[in-house]
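Have a look at the structure below, then the notes.
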Amino acid sequence: MTGPAAAAGLDAPASAARSAGFHPGAERGRLPAPGDLALPVTGAKLLTDADGRPLRVADLPADTDWVPLGTLDGVPGWATDLTTAGTLPGRARGWASLAAEVPEPHAALASRALAVITWRRTHRWCGACRAELTDKPGETARRCPDCGLYVPMQLSAAVLVAITRPGPAGRADELLLVRHATGPTGLWALVAGFVEAGETLEAAVHREVGEEVALSVDRLAYFGSQPWAISGPGVLLAGFTARAADPHAEPVVDGRELTEARWFGVDALPAELPPAYSISRWLIDATMTAARR
C-alpha cells in the first residue's frame with residue numbers, strides 16, 4: 001500500500017498501518033456516516049460516480065438499507081441492493097472493468113460488495129423449514145428464527161497454477177499456457193479449476209493438471225490469493241507455481257474445458273494474456289521476473 005508517508009520515506013504510525021488497505025467486517029455497531037464509502041449493487045454490477053470513483057453514503061437516499069462491508073484505509077464501506085440504477089447518478093459497471101482501473105484493495109472491496117449482496121439476495125429463506133432468515137449480528141451470516149439453521153456466507157475455492165519446465169539448451173524456461181473453451185477464449189491463461197469437497201488446495205492442483213492437460217507436477221509452492229468476482233461473486237482464487245515432473249512431456253488437452261495448451265518461452269510469451277489486475281497475470285509476471293534472475 002502506498003501513500004504520502006510511504007512516498008516521503010517516513011514510517012507510518014502503527015494505527016495507520018493497521019487501517020491501511022481493505023479489512024472485511026460485518027459489524028453494525030455504528031450507523032453509516034455521510035462520508036463513508038457506498039457500493040450500491042444493481043444486478044451483477046456496481047454503481048460508481050460518472051468518473052468511476054466510489055460513491056458516498058450521502059449520495060444515496062436517507063432511507064437506504066445498508067449492509068456493512070468492512071473498511072478501506074480506515075473508512076467504512078457499505079453496500080446496498082438496488083433494483084435499478086436508472087434514477088441515481090453515475091453508472092453501473094461490471095467488476096472486471098472496475099478492477100482494471102482501481103488499486104487492488106479497492107477491487108477487493110468491490111468484490112466483497114458483489115459477494116455479500118448476491119449471497120443475501122439468494123439466501124433469504126431457510127432451506128430446511130422455509131421460514132424467512134434473519135441476520136446474525138456481527139457476522140456475514142443468517143439464522144432461521146424457527147428451526148435455528150445457521151447459514152454463513154460460503155466461498156467457492158479455486159486454484160490456478162503456473163507450470164514451468166527447463167527450456168532448450170541455452171534458452172529460458174518455458175511456461176505452460178492454455179486456452180479455455182468458455183469465457184475469454186482468446187486469452188492464453190493458466191490451468192485452473194474449482195476445489196472439490198474434502199480436497200486440499202494442493203490436491204486440487206494435481207487433479208486439475210492431470211485432468212486438463214494430462215501432466216504431473218512437482219515442486220508445488222503457494223503464491224498468493226485473490227477474491228474473484230467474475231467466475232462468481234463468492235470465488236477465492238489460490239495461486240501456485242510448479243515444475244513439470246517430466247520436462248519432456250507435452251500437454252494433452254481434455255477437449256471439454258480446454259481447447260489448446262502450449263509451452264511458451266518466458267521470454268517469448270503471447271500478447272493475449274490475462275488482465276493486469278488478475279492473479280493469473282501476477283503469476284505469469286512473477287514467472288518472467290524469476291526467469292531473468
Side-chain angles (χ1 to χ4, degrees), residues 95-97 99-101 104 107 157-195 199-232 235-293:
W95 183 79
S97 66
E101 298 177 6
E104 191 277 332
V159 294
L160 67 165
V161 56
I163 306 169
T164 56
R165 72 176 183 181
R171 299 184 61 179
D173 281 359
E174 295 179 331
L175 173 67
L176 182 70
L177 296 176
V178 301
R179 277 184 164 153
H180 293 276
T182 59
T185 56
L187 291 181
W188 286 100
L190 301 176
V191 172
F194 284 96
V195 181
E199 189 174 47
T200 66
L201 297 176
E202 293 81 1
V205 171
H206 288 287
R207 176 182 55 77
E208 287 290 345
V209 172
E211 290 177 354
E212 293 193 358
V213 291
L215 294 177
S216 297
V217 295
D218 54 25
R219 293 166 60 180
L220 192 64
Y222 177 71
F223 174 83
S225 62
Q226 181 185 27
W228 191 246
I230 294 180
S231 304
V235 175
L236 179 66
L237 297 179
F240 290 83
T241 60
R243 294 288 274 185
D246 180 356
H248 304 292
E250 296 298 330
V252 179
V253 297
D254 62 1
R256 293 175 290 105
E257 296 187 42
L258 302 182
T259 60
E260 196 172 359
R262 287 174 49 191
W263 293 104
F264 290 88
V266 295
D267 55 356
L269 296 180
E272 303 83 7
L273 294 175
Y277 60 81
S278 67
I279 190 173
S280 183
R281 184 59 173 269
W282 303 343
L283 271 162
I284 292 171
D285 290 348
T287 301
M288 288 192 295
T289 299
R292 295 190 185 108
R293 290 175 181 166

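Note: hydrogens, waters and symmetry copies are ignored here, and every other heavy atom, side chains too, is used.
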side-chain contact (heavy atoms from CB on, under 4.5 Å) for Arg281 and Leu187? Distances and angles first, verdict last. CA-CA 11 Å; Arg281 184 59 173 269; Leu187 291 181; over 6 Å; no
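- Contact record, Trp282 with Tyr277: CZ2-O, 3.4 Å, taken as the closest heavy-atom pair.
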For Val161 and Phe223, run side-chain contact (heavy atoms from CB on, under 4.5 Å): C-alpha distance rounded to whole Å, both residues' side-chain angles, the deciding distance at 0.1 Å, then the answer. CA-CA 9 Å; Val161 56; Phe223 174 83; over 6 Å; no
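- To the nearest 0.5 Å, atom CD of residue Glu250 and atom NE2 of residue His248 are 10.5 Å apart.
- Of all the heavy atoms in Leu160 and Ala192, the pair that sits closest is CB-CB, 3.7 Å.
- In plain terms, the two heavy atoms of Pro247 and Ala245 that are nearest each other are CD-O, 3.6 Å.
- In this structure, the side chains of Ser280 and Gln226 stay at 4.5 Å or more apart for every pair of heavy atoms.
- Gly239 and Ile279 get closest at one heavy-atom pair: N-CD1, 3.9 Å.
- The two residues Trp228 and Ser278 make their nearest non-hydrogen contact at CH2-CB, 3.6 Å.
- Between Met288 and Leu175, the closest side-chain pair of non-hydrogen atoms is not below 4.5 Å.
- Side-chain N or O atoms of Thr287 include one that pairs as donor or acceptor with a backbone N or O of Leu283 at under 3.5 Å.
- In this structure, the side chains of Val178 and Val253 stay at 4.5 Å or more apart for every pair of heavy atoms.
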side-chain contact (heavy atoms from CB on, under 4.5 Å) between Leu273 and Leu177: does it pass, once the steps are laid out? CA-CA 9 Å; Leu273 294 175; Leu177 296 176; 3.9 Å; yes
Which atom pairs, donor and acceptor, lie under 3.5 Å between side-chain atoms of residues 257-272 and protein residues at least two apart or in another chain?
unit_1	atom_1	unit_2	atom_2	d
Thr259	OG1	Arg179	O	3.4
Trp263	NE1	Ala249	O	3.3

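- A heavy-atom distance below 4.5 Å is not found between the side chains of Leu176 and Val209.
- Glu212 is not listed as a side-chain neighbour of Pro251, based on a closest heavy-atom distance of 4.5 Å or more.
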Stepwise side-chain contact (heavy atoms from CB on, under 4.5 Å) test for Thr164 and Thr241: CA-CA 8 Å; Thr164 56; Thr241 60; over 6 Å; no
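- Taking the six-membered ring for Trp and the full ring otherwise, Phe240 and Tyr222 have centroids separated by under 6.0 Å.
- The minimum heavy-atom distance between Ala244 and Ile163, with the atom names listed, is N-CG2, 3.9 Å.
- Side-chain contact between Val195 and Val159 is present, with at least one heavy-atom pair separated by less than 4.5 Å.
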